[in-house]
Asker: 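Got a structure here, written out as structure tokens. Questions coming.
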Amino acid sequence: MAKNYDHTKIEKKWQSIWEKKKIYQAQNSSKKSKYYSLIEFPYPSGDGLHVGHPRPYIGMDVISRKKRMEGYNVLYPIGWDAFGLPTENYAIKTGKDPRIVTKKNTGTFRRQIKSLGISFDWSREINTTDPKYYKWTQWIFLQFLKKGLAYKKKMLINWCPKDKIGLANEEVVNSCCERCGTPVEKREKEQWMLAITKYAERLDRDLDTVDFLPHIKLAQKNWIGKSEGATIQFVINNSKLSIEVFTTRPDTIFGATFLALAPELAKKITGKDFGIKVDTDRENRDKIGIDTGLKAKNPANSEMIPVYVVNYVSVDYGTGAIMGVPADDERDREFAEKYKLPIIENYKKAGFEEFGKKVTTFKLRDWIFSRQRYWGEPIPVIFCEDCGVVPVPEKDLPVLLPKVKNYQPTESGESPLANISKWVNVKCPKCKGKAKRETDTMPNWAGSSWYYLRYTDPKNTKEFASRKKLNYWLGTDPAEGGVDWYNGGNEHTTLHLLYSRFWHKFLFDLGLVPTSEPYKKRTSHGLILAEGGEKMSKSRGNVINPDDIVARFGADTLRVYEMFMGPFDQAIAWNEEAIIGPRRFLERVWKVATQIQKNFSGLLQPSAGTFPVQNSSVSALHKTIKKVSEDIEGMRFNTVISALMIFLNENPTMPKEVYEIFLKLLAPFAPHITEELWQLLGHKQSIHLEPWPKYDLSRIKDTEIKIVVQVNGKVRGEIIVPAETGEDEIKSKALTEGSVSKYISSTPKKVIYVKGRLINIVV
RNA sequence: GGGCAAGUAGCCGAACUGGUAUAGGCGCUGGUCUUAGGAACCAGUGGAGAAAUCCGUGGGGGUUCGAGUCCCCCCUUGCCCACCA
């Protein structure tokens with residue numbers, strides 16, 4: 001055996017052996033139970049991987065490896081979410097074809113990820129920019145269109161004048177473009193929309209059926225924003241016209257002294273533009289309003305009350321009109337005081353539905369699905385002068401993204417595709433008349449809304465995935481199935497996660513997927529920040545490249561460090577100094593093996609899962625198996641490593657049988673070194689195909705227990721007694737314990753005994 | 001303004017349903033091996049004090065035999081949302 005642990009000699013070697021033997025490839029049918037674990041597939045940026053990327057991959061790798069050892073047929077796939085702005089902006093700057101740039105970037109990412117020994121099934125690698133893939137993204141869009149859930153709408157969109165692109169509400173942060181920080185403008189434009197609001201109720205309700213971390217469920221619920229309220233009609237000027245207001249407090253109607261309309265609604269009703277805009281500025285909260293001159297009749301008391309157009313009511317929530325109840329609403333009070341409107345302090349409360357109609361409303365808006373950009377899936381639609389909107393026939397899919405010379409969006413805000421007349425001008429598929437292609441592309445959320453389905457059957461040319469394979473990997477119980485465990489970033493909780501649940505439910509309604517939810521379980525990880533706690537980014541110049549760490553310390557050290565550095569779900573700063581700890585730990589693991597080989601070489605057979613070892617470390621070993629097994633399930637990876645370190649510190653030498661179990665516990669975290677040592681100890685098969693160690697509760701029990709003795713809540717001593725000693729005996733022993741008795745001057749008032757832990761004597 | 005997290009040694013962090021606070025790691029100090037150095041090994045490491053002992057989990061109250069953990073008020077930080085009726 002080699003004297004020293006040299007990661008450079010073993011990591012590449014095992015990676016290529018594993019690949020050759022295909023030990024991480026998932027089987028599409030198996031006697032084993034299936035397990036589908038998933039990470040969010042990366043966007044292959046030109047900067048390559050930084051050390052923050054692998055944290056979730058390693059976490060789910062540990063889970064996946066443990067599941068394999070527990071006898072599951074595990075699917076742990078990887079791919080590329082490769083459409084998107086950074087690549088396109090790079091293409092604009094350099095004139096390089098985004099296809100070439102993407103190929104280069106995915107090459108870098110692939111090489112870097114492979115160097116970490118993650119047990120991905122690379123045979124299922126997918127890429128959203130591959131026409132064989134986006135053919136099905138377009139196909140799903142056509143199904144939305146067919147069902148009337150994709151529709152065109154003229155609307156004011158958020159427009160980034162720098163990126164020259166329409167932005168979804170979600171991409172606008174503090175009135176600025178999320179990407180470049182330029183203040184957004186409003187522009188009127190025809191946009192494709194997806195009617196996610198039709199699914200709002202189910203997206204909300206079905207959260208009760210899935211195992212998502214509580215904060216994830218809550219964030220989704222808040223985003224969907226379901227609220228119960230009522231709409232109430234206010235008749236205008238004794239005419240037939242009426243204004244419908246939405247309120248969650250219809251009982252306060254006797255206190256209503258004015259109506260407040262969103263500017264857009266006021267324009268629609270009166271035909272006049274009052275020059276008021278809803279302020280999105282977070283600082284400026286001044287209430288502004290103009291009396292429209294209209295009077296509305298309060299149905300509760302028949303009072304005629306004024307109708308104002310105001311800057312604090314949004315048109316796209318509720319009905320765009322509210323009733324002002326100054327006595328009960330802070331904003332209404334502020335407004336009423338400013339404009340000297342009556343405030344009725346004490347009024348009669350009405351019944352909930354006495355004057356209105358009970359309704360449910362949601363904050364969730366329909367999804368703006370058009371982008372005026374090049375590097376995205378072309379929306380497969382043709383506009384015919386006679387037939388109108390015509391879907392591209394399914395046999396003509398995919399609508400290939402054509403090559404262009406200039407990737408710049410046009411000044412008019414149209415996609416660069418609009419400049420390619422050869423591509424744009426086509427015959428109508430229906431009437432063969434003159435027609436034009438849609439030049440908008442899809443947002444980069446499209447391809448990621450269904451990718452987990454494609455992994456089950458990535459090469460299928462007939463369907464997005466065969467039903468048989470979907471049934472196998474997702475399960476056939478509509479209420480129970482889905483990807484078994486999906487871990488991802490918190491930043492995707494409200495967008496990607498919600499969008500993909502929506503697509504999945506739609507496909508479920510079409511009978512194309514077997515389950516009503518895509519993911520059974522969802523957890524999240526914390527970001528790795530740069531030293532000093534700042535976000536890691538190229539522009540800040542604080543990016544750590546994993547290649548350097550792998551070269552210096554090895555992939556196993558990097559993996560153990562990333563799992564050990566802190567709680568998996570919390571953000572944590574990179575600390576280059578601390579990496580040496582995990583490296584030293586692995587060195588010690590190696591050293592134990594060399595001693596075992598020296599002492600037992602050739603004498604012992606590989607263990608068969610039991611270990612007839614008679615010494616005090618057996619209890620500690622079983623405790624460690626239990627802790628490691630349970631903590632991995634709870635993603636408490638940091639305490640797993642800590643437990644393994646403690647076990648090694650307390651057992652600097654150990655019998656071969658014990659050591660082999662220790663190696664198996666460590667294997668999901670440090671796959672290379674454990675494989676090397678496993679084989680050096682005489683095994684022919686991979687450690688990663690070994691059964692996961694089992695613990696025996698009866699072996700964990702201690703024969704003697706330590707009882708802490710407190711006097712008035714302060715620790716004054718301890719006694720050691722046989723585990724089965726009764727309470728009375730322990731009490732009397734504690735009272736006479738030498739180090740304790742001097743604190744007891746009088747008869748104890750009370751003696752409290754906590755079984756097996758401590759005794760507190762109150763005097 | 002609302003929601004969600006969180007605040008423990010010099011630093012990252014442990015502590016199960018209230019029960020020995022600071023496990024594990026980094027760093028630091030001393031030592032060993034070494035020509036030397038180290039990413040090696042061993043020992044020590046919350047504060048005050050000569051000691052007994054006392055004080056210590058953001059601050060202040062409270063409940064309890066006992067509080068990092070539960071309750072109330074406040075402060076700070078991070079994330080998400082925001083005039084949502």
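Proteins get letters first, then strands, A, B, ... in listed order; numbering begins at 1 in each. Just so you know, these numbers use all the heavy atoms, side chains as well, and skip hydrogens, waters and symmetry mates. These numbers come from a predicted model, not from an experiment.
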Asker: For a quick check of understanding: with a heavy-atom distance under 4.0 Å over all strands, which category does A/Pro567 fall into, base, sugar-phosphate or nothing?
Answerer: sugar-phosphate

Asker: Hey, does the Lys NZ or Arg CZ of A/Lys287 hover above the aromatic six-ring of A/Phe335, less than 6.0 Å from the centre and inside 45° of the axis?
Answerer: no

Asker: Side chains of A/Asp728 and A/Tyr753: do they bring a donor and an acceptor to under 3.5 Å?
Answerer: no

Asker: Could you check which nucleotide pairs with B/A14 in any of the strands shown, counting Watson-Crick or G-U wobble with both distances under 3.5 Å?
Answerer: none

Asker: Please state whether the base of B/C83 and the side chain of A/Lys287 form at least one donor-acceptor pair under 3.5 Å?
Answerer: yes

Asker: Counting C-beta onward and ignoring hydrogens, is there a side-chain heavy-atom pair between A/Ile632 and A/Phe669 closer than 4.5 Å?
Answerer: yes

Asker: Could you work out the separation of B/C72 and B/C80 based on their P atoms and round it to a whole Å?
Answerer: 27 Å

Asker: What contact category does A/Val313 fall into here, base, sugar-phosphate, or nothing, at under 4.0 angstrom with non-hydrogen atoms?
Answerer: base

Asker: Which value, in whole Å, describes the distance between the P atoms of nucleotides B/G61 and B/G68?
Answerer: 15 Å

Asker: May I have the distance from A/Ile528 (atom CD1) to B/C79 (atom C1'), rounded to whole angstrom?
Answerer: 17 Å

Asker: Which one is paired to B/C41, where only Watson-Crick or G-U wobble pairs with both distances under 3.5 angstrom count?
Answerer: B/G31

Asker: Looking only at atom C1', what distance separates B/G3 and B/U53, rounded to whole Å?
Answerer: 47 Å

Asker: Students often get this wrong, so: under 4.0 angstrom with heavy atoms, is A/Gln710 touching a base, only sugar-phosphate, or nothing?
Answerer: base

Asker: Look at the rings of A/His496 and A/Tyr486 and say which category their plane angle falls in: under 30° parallel, 30 to 60° tilted, over 60° perpendicular.
Answerer: perpendicular

Asker: Go ahead and name the base partner of B/C83; Watson-Crick or wobble counts if both distances stay under 3.5 Å, otherwise write none.
Answerer: none

Asker: Between B/C4, B/A85, B/C65, which nucleotide gets closest to the side-chain atoms of A/His215?
Answerer: B/C4

Asker: Give me the one residue out of A/Val313, A/Val315, A/Ile269 that meets side-chain contact (heavy atoms from CB on, under 4.5 Å) with A/Glu264.
Answerer: A/Val315

Asker: Consider side-chain contact (heavy atoms from CB on, under 4.5 Å). Of A/Ile288, A/Val310, A/Ile290, which one does A/Tyr339 pass it with?
Answerer: A/Ile288

Asker: Tell me the interatomic distance from A/Leu527, atom CG, to B/A6, atom P, rounded to whole angstroms.
Answerer: 17 Å

Asker: In whole Å, I'd like the distance from the CG atom of A/Asn712 to the P atom of B/U64.
Answerer: 16 Å

Asker: Is there a Watson-Crick or G-U wobble partner for B/A5 with both distances under 3.5 Å, and if so, which one is it?
Answerer: B/U77

Asker: Between A/Lys627 and A/Asn649, which has a closest nucleotide on RNA chain B that is more 5'?
Answerer: A/Lys627

Asker: Between P on B/G2 and NZ on A/Lys363, what's the gap in Å once rounded to a whole number?
Answerer: 14 Å

Asker: Select base, sugar-phosphate, or nothing to describe what A/Val708 touches, counting heavy atoms under 4.0 Å on all strands.
Answerer: base

Asker: Which parts of residues 571-581 of chain A get close to RNA chain B, meaning a heavy atom less than 4.0 angstrom away?
Answerer: A/Ile572, A/Glu577, A/Ala578, A/Ile580, A/Gly581

Asker: Could you work out the separation of B/C75 and B/A9 based on their C1' atoms and round it to a whole Å?
Answerer: 22 Å

Asker: Using atom CZ of A/Phe246 as one end and atom C1' of B/A85 as the other, report the distance to the nearest whole Å.
Answerer: 7 Å

Asker: Which nucleotide wins on minimum distance to the side chain of A/Ser642, given the candidates B/G24, B/C65, B/C83?
Answerer: B/G24

Asker: Look through every strand shown and name the nucleotide pairing with B/A48 as Watson-Crick or G-U wobble, where both distances are under 3.5 Å.
Answerer: B/U53

Asker: Mind calculating the distance between CD (A/Glu531) and P (B/C26) to the nearest angstrom?
Answerer: 16 Å

Asker: With a cut-off of less than 4.0 Å, is there a side-chain N or O of A/Asn760 near OP1 or OP2 of B/G19?
Answerer: no

Asker: How is A/Arg716 classified with respect to the nucleic acid when contacts are heavy atoms under 4.0 Å: base, sugar-phosphate, or nothing?
Answerer: sugar-phosphate

Asker: In sequence, state the C-alpha distance, the side-chain angles, and the governing distance for A/Ser619 and A/Lys623, and then conclude on side chain to side chain contact (heavy atoms under 4.5 Å, CB included).
Answerer: CA-CA 6 Å; A/Ser619 159; A/Lys623 274 183 195 164; 3.9 Å; yes

Asker: Say we look at B/G19 and B/G66: how far apart would their C1' atoms be, to the nearest angstrom?
Answerer: 7 Å

Asker: Taking atom CD1 of A/Ile719 and atom NZ of A/Lys731, what is their separation to the nearest 0.5 Å?
Answerer: 12.0 Å

Asker: Select base, sugar-phosphate, or nothing to describe what A/Ile752 touches, counting heavy atoms under 4.0 Å on all strands.
Answerer: base

Asker: Look at A/Arg583 and B/G25 and indicate whether a side-chain polar atom (N or O) is within less than 4.0 Å of OP1 or OP2.
Answerer: no

Asker: For A/Gln710, check side chain to side chain donor-acceptor pair (under 3.5 Å) against everything at least two apart and list the hits.
Answerer: none

Asker: Which whole number of Å gives the distance between the P atom of B/C55 and that of B/A67?
Answerer: 12 Å

Asker: Just the rounded figure in Å: distance from C1' of B/C11 to CE of A/Met565.
Answerer: 12 Å

Asker: Answer with base, sugar-phosphate or nothing: what part of the nucleic acid does A/Lys749 contact at a heavy-atom distance below 4.0 Å?
Answerer: nothing

Asker: Taking atom types as modelled and ignoring hydrogens, do the side chains of A/Asp631 and A/Thr639 form a donor-acceptor contact shorter than 3.5 angstrom?
Answerer: yes

Asker: On RNA chain B, does the nearest nucleotide to A/Lys714 precede the nearest nucleotide to A/Ile641 from the 5' side, or the other way round? Give the residue.
Answerer: A/Ile641

Asker: Whole-Å distance between B/U20 C1' and A/Ile705 CD1?
Answerer: 14 Å

Asker: Do A/Glu534 and A/Asn542 have side chains that get closer than 4.5 Å, going by heavy atoms?
Answerer: yes

Asker: Pick the C1' atom in B/C74 and in B/C26, then give their distance to the nearest Å.
Answerer: 34 Å

Asker: Counting side-chain heavy atoms from C-beta on, which of B/G24, B/A6, B/A21 comes nearest to A/Val715?
Answerer: B/A21

Asker: With no hydrogens and no angle check, do the side chains of A/Thr8 and A/Asp6 hold a donor and an acceptor under 3.5 Å apart?
Answerer: yes

Asker: Between A/Arg249 and B/A85, does any side-chain N or O lie under 4.0 Å from OP1 or OP2?
Answerer: no

Asker: Considering only atom P, compute the distance from B/A5 to B/C11 and round it to an integer number of Å.
Answerer: 26 Å

Asker: Once you apply a heavy-atom cut-off of 4.0 Å, does A/Thr248 come out as touching a base, just sugar-phosphate, or nothing?
Answerer: sugar-phosphate

Asker: Would you say B/A85 has OP1 or OP2 under 4.0 Å from some side-chain N or O of A/Tyr317?
Answerer: yes

Asker: With a 4.0 Å cutoff (strictly under), does any side-chain N or O of A/Arg588 reach OP1 or OP2 of B/A39?
Answerer: no

Asker: For B/U64, give the paired nucleotide (Watson-Crick: N1-N3 plus N6-O4 or O6-N4; G-U: N1-O2 and O6-N3; both under 3.5 Å), or none.
Answerer: none

Asker: Under a 3.5 Å cut-off for both distances, is B/A23 Watson-Crick or wobble paired, and to whom?
Answerer: none

Asker: Within the 4.0 Å heavy-atom criterion, would you say A/Leu758 contacts the bases, only the backbone, or no part of the nucleic acid?
Answerer: base

Asker: Mind checking A/Asn638 for me? I need base, sugar-phosphate or nothing, with any heavy atom below 4.0 Å counting as a touch.
Answerer: sugar-phosphate

